[in-house]
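Just so it is clear: chains get the letters A, B, ... in the order the sequence lines come, proteins before strands, and each one is counted from 1.
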Amino acid sequence: MATMMYWEALQRAHDEELARDPLVIVMGEDIGVAGGTYKATKGLYDKYGPERIMDTPISENGFTGLGIGASFIGIRPIIELMSVNFAWLAMDQIFNSAAKVRYMSGGQLTAPVVIRSPGGTAHQLGAQHSARMEKVFMGVAGLRVVTPSNARQAYGLLKSAVRCDDPVFIYEHELMYNMKSDVPDGEYFHPLEGSEIARAGRDITLFGYNISVHWCLQAAEILAAQHGIDCEVVDLFSLSPLDRAGIKASVSKTHRALIAEEAEAAVGVGSEVMAIINEECFFELDAAPVRVSAKNVPIPYNHTLEKAAVPSSKDIVHAVLKMLDHSQHPTSRDTSTSLHVGKS
Amino acid sequence: MKPADKKRVLREMLFARRFEERCYEAYVERKIGGFLHLYPGQEACAQGVMEAARPGHDYVITGYRDHIHAIKCGADPKAVMAELYGKETGSSKGRGGSMHIFDVEHHMMGGYALVGGPFPLAAGIAKGLKMKGSDAISICFLGDAANNQGTFHETMNMAKLWNLPVLFVCENNLYGIGTRIDRSTAVIEQYKRVSGYGIPAAQVDGQDVEIVYDAAKIAVDHVRSGKGPYFLELMTYRYRGHSMSDSNAYRAKDEERMWSKRDPIILLRDRLIKAGTITLDDYKTMDTEILDQIENQIIKFAEDSPEPVVTELEKYVLAENDPYVHPHSSRGTH
């Protein structure tokens with residue numbers, strides 16, 4: 001088990017897949033000679049050459065469509081969209097070509113492309129470089145959406161995505177490329193569906209994905225240390241499809257749910273998880289689920305305003321305490337069973 | 001083109017005409033739903049280009065006016081008609097419809113319904129062919145109006161930059177839906193628009209299949225020999241509206257009359273009669289045989305075919321049982 005940074009894990013996955021299969025190619029802006037804005041393709045141009053490591057013009061819809069077309073005849077393109085904000089320009093090809101071609105050809109064609117792109121608010125990048133677009137992708141039939149929260153997932157999800165016959169969108173985060181975690185030394189394929197229990201707990205489930213998993217883990221530490229609340233943190237690394245069984249299992253155990261998301265609340269991961277809870281385990285609930293989401297504003301440039309626009313671990317702590325109505329109840333450590341009145 | 005080929009070409013173009021006219025009738029009878037974009041008037045374009053190419057070997061992609069391109073690649077007309085009828089025996093098992101005819105076995109990579117969408121897909125297929133060292137080429141048939149999309153410019157740039165084996169065939173029928181080209185497009189002659197990308201181009205009469213063939217031969221040879229992309233503009237006209245929902249009121253009757261005199265089928269027919277290759281009776285016999293084939297084989301097949309079953313509604317959305325969705329090495333997951 002080696003500790004490596006998120007970008008290093010991505011670079012390793014690229015390198016291994018390029019070495020294994022001559023039909024794997026990488027495309028994107030500055031991914032070749034420059035090695036990638038976030039270094040995920042560092043060194044690959046020198047190793048595999050310009051035919052396979054393709055620096056593209058700044059034509060997002062064009063080169064995304066070109067990669068999709070190549071995938072129709074067996075090429076396995078990994079397309080990097082430098083920022084998810086630019087994915088808006090490639091939506092036509094992602095949605096209309098990649099996601100629909102298997103269905104509208106009656107199963108004759110498939111588009112096994114991987115599209116990687118970082119989103120999220122970073123350091124004062126302003127409204128047009130701070131998009132959180134996961135909700136846009138996850139509502140589209142025919143497209144898989146995964147989002148790694150650590151280096152192990154970044155490595156294993158990319159490996160599986162390259163080999164999977166479906167188009168896979170990998171939503172990364174601009175602030176996470178230097179985050180370190182353990183990655184298996186041997187080849188590791190992360191499942192493209194499911195969820196992971198990042199922290200086991202009894203009192204409430206905090207659902208996170210991508211960067212919000214880390215906010216949830218930080219909040220869980222604070223809630224455990226200062227309030228005796230035992231949080232379970234579930235990492236929703238697959239946003240499409242969402243893990244209905246995993247969501248149900250955790251909520252059936254803790255009877256409370258909070259969803260933390262960096263995006264605006266409307267029509268998002270939180271609302272979808274809430275709907276699944278309603279459909280799968282409504283009568284297991286001891287409290288109404290809550291969302292901790294971004295404010296519904298274009299992301300401001302000003303540092304203070306930017307921070308206020310998106311949630312943090314503090315917001316999760318406050319929301320949990322409010323849900324558990326902590327001022328009026330003893331701590332869960334003392335009376336953990338009382339939190340589950342009516343449940344066996 | 002040899003006389004025997006010309007006779008076959010005439011028959012195939014007449015078949016294309018009758019096939020589309022029968023689609024029109026089936027649409028009026030409500031046997032065909034959705035949008036239906038028909039090809040009469042433009043037959044010499046697909047025919048002439050595919051005569052010069054290698055159908056079933058070269059890869060073809062196009063827009064929504066796609067029935068005849070699929071048939072030219074080798075698709076079974078019965079499967080195409082069954083697709084229009086929405087039947088399980090259709091080329092896309094009834095999931096695609098008129099605008100999405102695919103026959104991947106014959107390298108018909110599909111009809112796509114977003115104007116300009118196929119440009120980058122065609123270049124991507126060409127990239128794949130180049131990587132694999134194939135001698136096949138990618139052929140993208142689209143209308144003039146597609147050239148006003150961003151994908152046109154993005155793709156021309158990349159196709160030339162990477163020297164991809166792709167032939168762009170612009171079937172210029174002078175209208176983008178209901179708007180005439182001079183009201184939508186600053187430079188009317190489409191072949192001139194690719195000169196900014198360094199792509200060789202030609203413009204020829206798209207109503208004369210022999211002229212189309214000769215021009216396409218040069219274009220196909222250029223692309224197949226590894227010299228990169230080529231752009232071929234074919235001047236043509238559609239005899240019906242843009243789709244079945246189009247009243248066609250925006251076109252001058254004089255203009256329609258002028259183009260009807262340049263009917264690609266009549267042009268070739270009369271030339272072959274004059275040359276003594278066929279007689280008018282031969283032509284009439286040919287027509288009767290085609291109408292019979294369409295009615296008693298193709299329409300009958302579509303009519304008699306089963307509907308898709310609703311229990312298979314969600315099939316073909318994603319790959320079935322893909323091993324990387326739940327690989328064995330998974331751990332700690334639900």
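Comparing Gly94(B), Gly117(B), Gly97(B) by heavy-atom pairs within less than 4.5 Å of chain A, the highest count is held by Gly117(B). Of the residues considered (Asp103(B), Ile101(B), Leu164(B)), Asp103(B) shows the highest number of contacts with chain A, using heavy-atom pairs under 4.5 Å. Chain A forms the most heavy-atom pairs under 4.5 Å with one residue out of Glu314(B), Met131(B), Glu83(B), Glu320(B), and that residue is Met131(B).
To the nearest 0.5 Å, atoms CG (Leu318(B)) and CG (Asp165(A)) are separated by 11.0 Å. With rounding to the nearest 0.5 angstrom, the NZ atom of Lys93(B) is 6.5 Å from the CD atom of Gln108(A). Note: Glu51(A) CD to Lys130(B) NZ = 5.0 Å, rounded to the nearest 0.5 Å. Between the NE2 atom in His326(B) and the NE2 atom in His190(A) there is a gap of 12.0 Å [rounded to 0.5 Å]. Atoms CG and NZ, from Leu23(A) and Lys132(B) in turn, are 6.0 Å apart once rounded to the nearest 0.5 Å. We find the CG-CD1 distance between Asn157(B) and Ile58(A) to be 11.5 Å, quoted to the nearest 0.5 Å.
Nearest heavy atoms, Arg102(A) versus Ala319(B): NH2-CB, 3.3 Å. Taking all atoms of both residues into account, the shortest heavy-atom contact from Gln93(A) to Leu121(B) is OE1-CD2, 3.6 Å.
Interface remark: Tyr59(B) contributes side-chain atoms only to the contact with chain A (heavy atom separation under 4.5 Å). For Lys315(B), the part lying under 4.5 angstrom from a heavy atom of chain A is the backbone only. If you measure heavy-atom distances from Leu129(B) to chain A, the contacts under 4.5 Å come from both the backbone and the side chain.
Counting only heavy atoms from C-beta outward, the side chains of Tyr112(B) and Asn96(A) never approach each other to under 4.5 Å. Using a 4.5 Å heavy-atom threshold, the side chains of Leu114(B) and Phe95(A) count as separate.
The interface of residues 68-76 of chain A with chain B, defined by heavy-atom distances below 4.5 Å, comprises Ile68(A), Gly69(A), Ala70(A), Phe72(A), Ile73(A), Gly74(A), Ile75(A).
With hydrogens and angles ignored, the 3.5 Å screen pairs no side-chain donor or acceptor of Ser105(A) with any backbone N or O of Phe102(B).
In this view, Arg95(B) and Glu88(B) satisfy the side-chain hydrogen bond (donor to acceptor under 3.5 Å, both in side chains) rule, not counting sequence neighbours.
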